[in-house]
Amino acid sequence: MNRVRVRFAPSPTGFLHIGGSRTALLNWLFARNKGGSFVLRIEDTDRERSTPEYLNAIIEDLRWLGLDWDEGPECGGDFGPYLQSERSESYAPHVEKLLKTGDAYHCFCSPEELEERRSRGQATDGGWIYDRKCLEFGDDERDSLLAEGRPSVVRFRVPTGKTSFDDMVLGKIEFDNAELDDLVIVRQDGTPTYNFAVVVDDLEMAITHVIRGADHISNTPRQIVIWKALGHEPPTFGHQPLVLAPDKQVMSKRRGAIAVGEYRRRGYVPEAVVNYMALLGWSYEGDQEFFSLDELLQNFDMGRASKKPASFDPNKLDWMNAHWLKKLDVADRTERVIPFLQAEGLLAETLGPEERSHLEQVVELLDDRLKVLTDIVELAGFFLAPDVVYDKIAVSKVLAKPGAEEILVGLHKVLSECPDFQPETLEGAMRKFAEDAELSLGKVVQPLRVALTGRTASPGIFETLSLLGRKVSLARIDAARGLTA
RNA sequence: GGCGCCAUCGUCUAGCGGCUAGGACGCCGGCCUCUCAAGCCGGUAACACGGGUUCGAUUCCCGUUGGCGCUACCA
């Protein structure tokens, strides 16, 4: 049995979105699980649309997800180059071979002629495949046309019969070759087309398993016939159902597809994104839903992959992200939250040990209230900014109510007189205050909460008070008195 | 139009001839409680349709419908 070699072959004509990264993940899992190699090949033959920016973004996103590859454009390998645009010389010998065996032929039909025959064909009986007009030419005729410089393409001559393959996820799939066009494998400008380049690249890179999106199912028989004409057994194919956007539309660059990098910027952690993608179209025996990359590696089994296109559910991703955030220890969570606070100017570019430890206390107090890392800005702003931003509704619902003023005045006194500012001490003092005033604790707490945080929701009030400290707390109570009725 | 793939709660799914059709997200209600989260408990909600096969179909076969993909000198 040959050593497993798989590849992820994106074209740098856009950002990596959930669908593409899921394909990458599946390939990675398969390779790692089998102890094989994972190759990153960049299909950048579409010079018009490919850009180095997209290439860099794709590499960055894959790394962020935690996927690594053994061979690729930036790290090299024994089967390079890994940029398809640099492999141009490897296609010609194969074309020659096919031309010699008669499995390919020159076609002089112009795009305009073809277009005309195609539309006429479609008008009469729906479909149209190339009519093999140029197959009629004798050798001499063809050579003279070539000699006089008539523009031509090379077409692959699809054999008769049926082509079938055993798909790793879909099972047996069969096509009648009569449905297949004599596809162009070399363009007028001499460059290879996708279906041909893929075969040659996969062949030369010794790829054993092709795991890709279901949008390639119809390409598979075309590629298989080329593999065979080239004298090789095709690799094993596995087609993953497409990922649909929440509205059931296919994820695409213009319709709802969010780049992986965008998830990073929105405060999702890679653990959650990976876990969610794995669950999209795959399930584990039993009810386990949480998987680290390593656990996926141990348990992933292509046989349990769903055949049905899955639609992406942002709610579940949020839930999953919150879960992974909860699992992180405080130091780690703090670390990840820092860039988001810095971006908002709530934190200096460099942190001293004291600032860091203060931030850790804030993060610890916030506990599991973060759904995405960016929530930190809203939730911790009042701890980090000098001034409180008062929420209008909170003020009108709580501070502007009768009695609020008296409570704040009373609390100011109680807090001034507390022997220390530990949560337990504060709780005792405030409970006593409430009791004496014949008020429920809640009635007392809410005005204080709004005074301190500007909002009606926050972590526990005693811990918040304690972390804010006496000086700040009292100052904020004073400031809030200006907002009471 | 042709060819191909697919079809269980709104969504992700378990199921591989006999189940009160299970779980998860969301949603609703409750508990907890100083608020908000979290947590716990409970509820809501599905086998697309029609034929077969079978003692018995969500499950197997065929058809219909629907969704999606491909149908380029794009990848």
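Every heavy atom of this structure was used, including side-chain atoms; hydrogens, water molecules and symmetry mates were not.
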Exercise for the section: Please state the C1' separation for the pair B:U59 and B:A7 - nearest whole angstrom. Expected result: 14 Å
Handout entry: Integer angstrom distance from the P of B:U8 to that of B:U58
Key = 15 Å
Completion exercise
Ranking B:C34, B:A72, B:C68 by distance to the side chain of A:Leu242, first place goes to B:C68
Practice task
Select from A:Arg222 and A:Pro192 the residue whose nearest nucleotide in RNA chain B is closer to the 5' end of that strand.
Solution key: A:Arg222
Problem - Atom P, compared across B:G30 and B:G67: separation rounded to whole Å - result: 41 Å
Exercise for the section: Mind calculating the distance between CH2 (A:Trp319) and C1' (B:G23) to the nearest angstrom? Expected result: 10 Å
Handout entry: Value in whole Å for how far the P atom of B:C12 lies from CG of A:Asp318
Key = 17 Å
Handout entry: Identity of whatever pairs with B:A24 - Watson-Crick or G-U, under 3.5 angstrom
Key = B:U11
Exercise for the section: Establish, from distance only, whether the side-chain atoms of A:Asp189 and A:Thr191 form a donor-acceptor pair under 3.5 Å. Expected result: yes
Exercise for the section: Compare the minimum distances between each of B:C34, B:C70, B:C12 and the side chain of A:Ala310, then state the nucleotide with the smallest one. Expected result: B:C12
Exercise for the section: Scan A:Asp189 against the nucleic acid and name what it touches under 4.0 Å (heavy atoms): base, sugar-phosphate only, or nothing. Expected result: nothing
Practice task
Select base, sugar-phosphate, or nothing to describe what A:Glu174 touches, counting heavy atoms under 4.0 Å on all strands.
Solution key: sugar-phosphate
Exercise for the section: Can you tell me, in whole Å, how much space there is between the C1' of B:A45 and that of B:C25? Expected result: 13 Å
Completion exercise
When A:Asn219 and A:Leu170 are each assigned the nearest nucleotide of RNA chain B, the 5'-most assignment goes to A:Leu170
Exercise for the section: Name the nucleic acid region contacted by A:Val184, choosing base, sugar-phosphate or nothing; use a 4.0 angstrom heavy-atom cut-off, strictly under. Expected result: sugar-phosphate
Exercise for the section: Name the nucleic acid region contacted by A:Ser311, choosing base, sugar-phosphate or nothing; use a 4.0 angstrom heavy-atom cut-off, strictly under. Expected result: sugar-phosphate
Problem - Integer-rounded Å distance: B:A24 P and A:Lys316 NZ - result: 9 Å
Exercise for the section: Could you work out the separation of B:A14 and B:A21 based on their C1' atoms and round it to a whole Å? Expected result: 10 Å
Completion exercise
Answer for the Watson-Crick or wobble partner of B:C40, both distances under 3.5 Å, is B:G30
Practice task
Determine the Euclidean distance between corresponding P atoms of B:U20 and B:A57; express it in Å to zero decimal places.
Solution key: 16 Å
Practice task
May I ask you to say what A:Pro459 touches in the nucleic acid, namely base, sugar-phosphate or nothing, with a heavy-atom cut-off under 4.0 Å?
Solution key: base
Practice task
Indicate, with a heavy-atom threshold strictly under 4.0 Å, whether A:Gly281 touches base, sugar-phosphate, or nothing.
Solution key: sugar-phosphate
Practice task
Look at the side chain of A:Ser11 and decide which nucleotide, out of B:U13, B:C73, B:A75, has an atom nearest to it.
Solution key: B:A75
Exercise for the section: Take atom C1' in B:C49 and the same atom in B:U65, then report the distance between them in whole Å. Expected result: 7 Å
Practice task
Report the distance from atom NZ of A:Lys307 to atom C1' of B:U8, rounded to the nearest whole Å.
Solution key: 15 Å
Fill in the blank from the handout: note: A:Glu179, atom CD; B:G1, atom C1'; distance rounded to Å ~ 12 Å
Exercise for the section: Would you mind classifying the nucleic acid contact of A:Phe175 as base, sugar-phosphate or nothing, using non-hydrogen atoms under 4.0 angstrom? Expected result: sugar-phosphate
Practice task
May I ask you to say whether A:Lys432 pairs ionically with A:Asp436, meaning some side-chain N is under 4.0 Å from a carboxylate O?
Solution key: yes
Problem - Donor-acceptor side-chain pairing of A:Ser458 and A:Arg449 below 3.5 angstrom - result: yes
Practice task
Would you mind reading off the distance between A:Ile185 atom CD1 and B:C73 atom P, rounded to a whole angstrom?
Solution key: 13 Å
Problem - Sugar-phosphate only, base, or nothing, as touched by A:Thr45 at under 4.0 Å among non-hydrogen atoms - result: sugar-phosphate
Practice task
With the side chain of A:Ser283 defined as its heavy atoms from C-beta on, choose the nearest nucleotide among B:C34, B:G23, B:U13.
Solution key: B:U13
Practice task
Kindly say whether A:Lys133 contributes a backbone atom to a donor-acceptor pair with the side chain of A:Glu136 at under 3.5 angstrom?
Solution key: no
Practice task
Select base, sugar-phosphate, or nothing to describe what A:Gln446 touches, counting heavy atoms under 4.0 Å on all strands.
Solution key: sugar-phosphate
Exercise for the section: Rounded to the nearest angstrom, tell me the gap between atom OH in A:Tyr276 and atom C1' in B:C12. Expected result: 6 Å
Problem - A:Arg431 side chain vs A:Leu441 backbone, donor-acceptor pair below 3.5 Å - result: no
Fill in the blank from the handout: Any strand, both distances under 3.5 Å, Watson-Crick or G-U wobble: B:A72 pairs with none
Exercise for the section: Would you check if there is a donor-acceptor pair between the side chains of A:Tyr263 and A:Asn321 at a distance under 3.5 Å? Expected result: no
Problem - Carboxylate-amine/guanidinium proximity below 4.0 Å for A:Asp167 and A:Lys172 - result: no
Fill in the blank from the handout: The Watson-Crick or G-U wobble partner of B:C55, with both key distances under 3.5 Å, is B:G18
Handout entry: Between C1' of B:G69 and CD1 of A:Ile217, the distance in whole Å
Key = 7 Å
Practice task
Return no unless some side-chain N or O of A:Arg369 is found under 4.0 Å from OP1 or OP2 of B:U35.
Solution key: no
Problem - Distance, P atom - from B:C28 to B:G18, rounded to whole angstrom - result: 37 Å
Completion exercise
Scanning all shown strands, the Watson-Crick or wobble mate of B:C5 with both distances under 3.5 Å is B:G67
Practice task
Using a strict 4.0 Å threshold on nitrogen-to-oxygen distance, state whether A:Glu438 and A:Lys443 make a salt bridge.
Solution key: no
Exercise for the section: Identify whether any heavy atom of A:Thr456 sits under 4.0 Å from a base atom; if not, whether one sits that close to sugar-phosphate; answer base, sugar-phosphate or nothing. Expected result: base
Problem - Cationic N near anionic O, under 4.0 Å, A:Arg87 to A:Glu89 - result: no
Exercise for the section: Please determine if a side-chain N or O atom of A:Thr193 lies less than 4.0 Å away from the OP1 or OP2 oxygen of B:A75. Expected result: no
Exercise for the section: Give A:Lys326 one of three labels, base, sugar-phosphate or nothing, depending on what nucleic acid heavy atoms sit under 4.0 Å from its own. Expected result: sugar-phosphate
Problem - Among B:G23, B:A75, B:C34, the one nearest A:Leu441 by side-chain distance - result: B:C34
